[in-house]
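Following: one structure in structure tokens, then a few remarks.
What you see is a predicted model; the values in this text were computed from it and never measured. Below, each value reflects all heavy atoms present in this structure, side chains not excepted, and no hydrogens, waters or symmetry copies.
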Amino acid sequence: MRAILLLLCFLLTGHATAAGGAVSERIYKQLTRVHELMDEERYGQALERLKGMRPSKKRSYEQALVGQTFGYLYAAQEQYPQAIEAFAQSLALKALPESATRNTLYALAQLQVTEADYTAAIGSLEQWFKLEKTPPPQAHALAGMTYAQAKQYPQAIDHLQKAIASTGDRVETWYRQLLAVYSDAGDYQAAARLLAEMTKRFPERKTYWLQLSSVYRTLKNDAKSLAVLELAYQRGLLTDEQELVELIHYYLYMDMPHKAGKLLEQALQDGVVSSTGKHWRLLSDAWLRAKEMQRAIKALKRASELAQDAGLYLRLAQLASQIDGWSEALHAVDAALRIGGLEQPGNARILKGMAHYQRQEYSAAKASFEQAVDDEPVREQAQKWLDYLASETVLAESSPME
């Protein structure tokens, strides 16, 4: 801002020379000296000289030039309210030529934006656009941002689109500003279209891929949302644990457990996803949904060992029992009971009794069922097992298989 204002200020010296007949020699020399002092950043001296000038009240052009110079001087010192007042007074005289008026209006608008007076800035910019036949893209970008701050979204969109369209350079900031306007306006279809373009223009920017996926999800288009995440992963952009876990959960949500399992298994192997009980449990769930029982059990065993959670060990025992892995089931249920804290330990004792029974360890099975009888929720089930053992007369102790 400061550099722009100083540049415009220095241009006035040439203008004052060209308009020699409209500016007295005394005022011209004084303004020239003020500009020199500003060029040397001797602002205090420049301000004193400027305050000492006495332009003729009959010469509105002189008054306008002095007021304009006050504006640039205050702006150079970041005294923006004073600069705004000076520019406004200079413009109110309607004495500046069109080119100087345009420059002053634009500088005024910039200052008003800096001071968050967006309504006033819009008024200045609208006057400026009426005078400027070929506005540069930067001006459209400034106007777009100003209208956006004033929540005048259609005008903001129009100017930002013009800014983007009128330059061959990929000005990323303007794309982000337009995206913010679409979001604030609740136009998610337009946001999706823009983000799709942004992922093509700035393919290395991970955030745009994630935002595009999020917008598609908001639009309830899960297929496109997932496809965007997949493409970002294939491009090597999804490297954070949270991002990968989100993709895995999305696979499960979309009923793609094989993809979820393969991705998580590889991520755990590579160390990209931390080896925790929670993540191994997630892997077990993925393989279970994919009907990969052996892989599900293997993952759940690792989860149980890491978490030392009784519930996980009991779940492991239940899965192992479904494929007649009674030795592993017995080991897991023993771990669950040893750790303790089960909501219904009777279920674990029933399962333990069943494991002993399948291993032909009948006395141990009977002992487990007798313990389970003391647990009200499973008392009836435990008694049925005891009755069955008695009716089969299999109470003789058999040799352990261990």
Taking NZ, NE, NH1 and NH2 as the nitrogens, is one of them in [X] or [Y] under 4.0 Å from a carboxylate oxygen of the other?
| X | Y | answer |
| --- | --- | --- |
| R379 | D374 | no |
| E370 | K352 | no |
| K206 | E243 | yes |
| K162 | D158 | yes |
| E265 | K262 | no |

All side chain to side chain donor-acceptor pair (under 3.5 Å) counterparts of [X], not counting sequence neighbours:
| X | answer |
| --- | --- |
| Y313 | Q308 |
| D285 | R281 |
| E126 | Y147 |
| E40 | R42 |

So, does [X] use its side chain to make a donor-acceptor pair with the main chain of [Y] at under 3.5 Å?
| X | Y | answer |
| --- | --- | --- |
| S213 | S225 | yes |
| S284 | W280 | no |
| D375 | V378 | no |
| D270 | V272 | no |
| S321 | Q318 | yes |
| Q177 | G144 | no |
| S275 | G271 | no |
| S214 | L210 | no |
| W385 | K366 | no |
| E241 | S274 | yes |

Pairwise side-chain contact, [X] with [Y], heavy-atom cut-off 4.5 Å (strictly under):
| X | Y | answer |
| --- | --- | --- |
| D334 | H331 | no |
| H249 | L282 | yes |
| Y106 | Q127 | no |
| Q112 | F87 | no |
| K51 | F70 | yes |
| L31 | L50 | yes |
| R295 | L288 | no |
| L247 | L226 | yes |

Report the residues that fulfil side-chain contact (heavy atoms from CB on, under 4.5 Å) with [X], sequence neighbours left out, ordered by chain and then residue number.
| X | answer |
| --- | --- |
| T146 | V113, Y118, A121, I122, L125, L142 |
| L131 | E98, T101, R102, L105 |
| A88 | none |

Are more than 12 heavy atoms from other residues, nucleotides or ligands located less than 6.0 Å from atom CZ of R49?
no

Only one of W128, F129, W174 passes ring-ring contact (aromatic ring centres under 6.0 Å, His included) with H140, and that residue is F129

Taking the six-membered ring of Y250, is NZ or CZ of R217 closer than 6.0 Å to its centre and within 45° of its axis?
yes

Tell me, with the steps shown, if Q294 and K298 meet side-chain contact (heavy atoms from CB on, under 4.5 Å).
CA-CA 6 Å; Q294 292 287 357; K298 181 179 179 181; over 6 Å; no

Can you find a side-chain donor-acceptor pair between [X] and [Y] that sits under 3.5 Å?
| X | Y | answer |
| --- | --- | --- |
| Y357 | Y388 | yes |
| E197 | Y175 | yes |
| Y72 | Q77 | no |
| T276 | H279 | yes |

For [X], what residues pass the salt bridge (charged side-chain N to carboxylate O under 4.0 Å, His left out) criterion, not counting sequence neighbours?
| X | answer |
| --- | --- |
| E230 | K259 |
| K301 | none |
| K384 | E380 |

Test side-chain contact (heavy atoms from CB on, under 4.5 Å) applied to L212 and M198, step by step
CA-CA 9 Å; L212 179 56; M198 291 169 72; over 6 Å; no

Chi angles and distances behind the side-chain contact (heavy atoms from CB on, under 4.5 Å) call for E292, H258:
CA-CA 9 Å; E292 296 273 3; H258 270 102; 3.4 Å; yes

Taking all heavy atoms of [X] and all of [Y], pick out the closest pair and write down the distance.
| X | Y | answer |
| --- | --- | --- |
| A148 | A156 | N-CB, 3.6 Å |
| A348 | L342 | CB-CD1, 3.8 Å |
| A75 | A83 | N-CB, 3.6 Å |

Working to the nearest 0.5 Å, report the span between [atom1] of [X] and [atom2] of [Y].
| X | Y | atom1 | atom2 | result |
| --- | --- | --- | --- | --- |
| Q189 | N221 | CD | CG | 9.0 Å |
| L312 | L300 | CG | CG | 6.0 Å |
| Y74 | Q79 | OH | CD | 6.5 Å |

Tell me, with the steps shown, if I27 and L65 meet side-chain contact (heavy atoms from CB on, under 4.5 Å).
CA-CA 10 Å; I27 294 297; L65 275 183; over 6 Å; no

Across all chains, not counting sequence neighbours, the ring pair (Phe, Tyr, Trp, His ring centres under 6.0 Å) partners of W326 are none

Would Y208 and E172 count as a side chain to side chain donor-acceptor pair (under 3.5 Å) here? Give the steps.
CA-CA 11 Å; Y208 301 149; E172 192 172 352; 2.5 Å; yes

Can you tell me which residue pairs pass the side chain to side chain donor-acceptor pair (under 3.5 Å) test with a partner in residues 339-350, sequence neighbours excluded?
Q344-N347

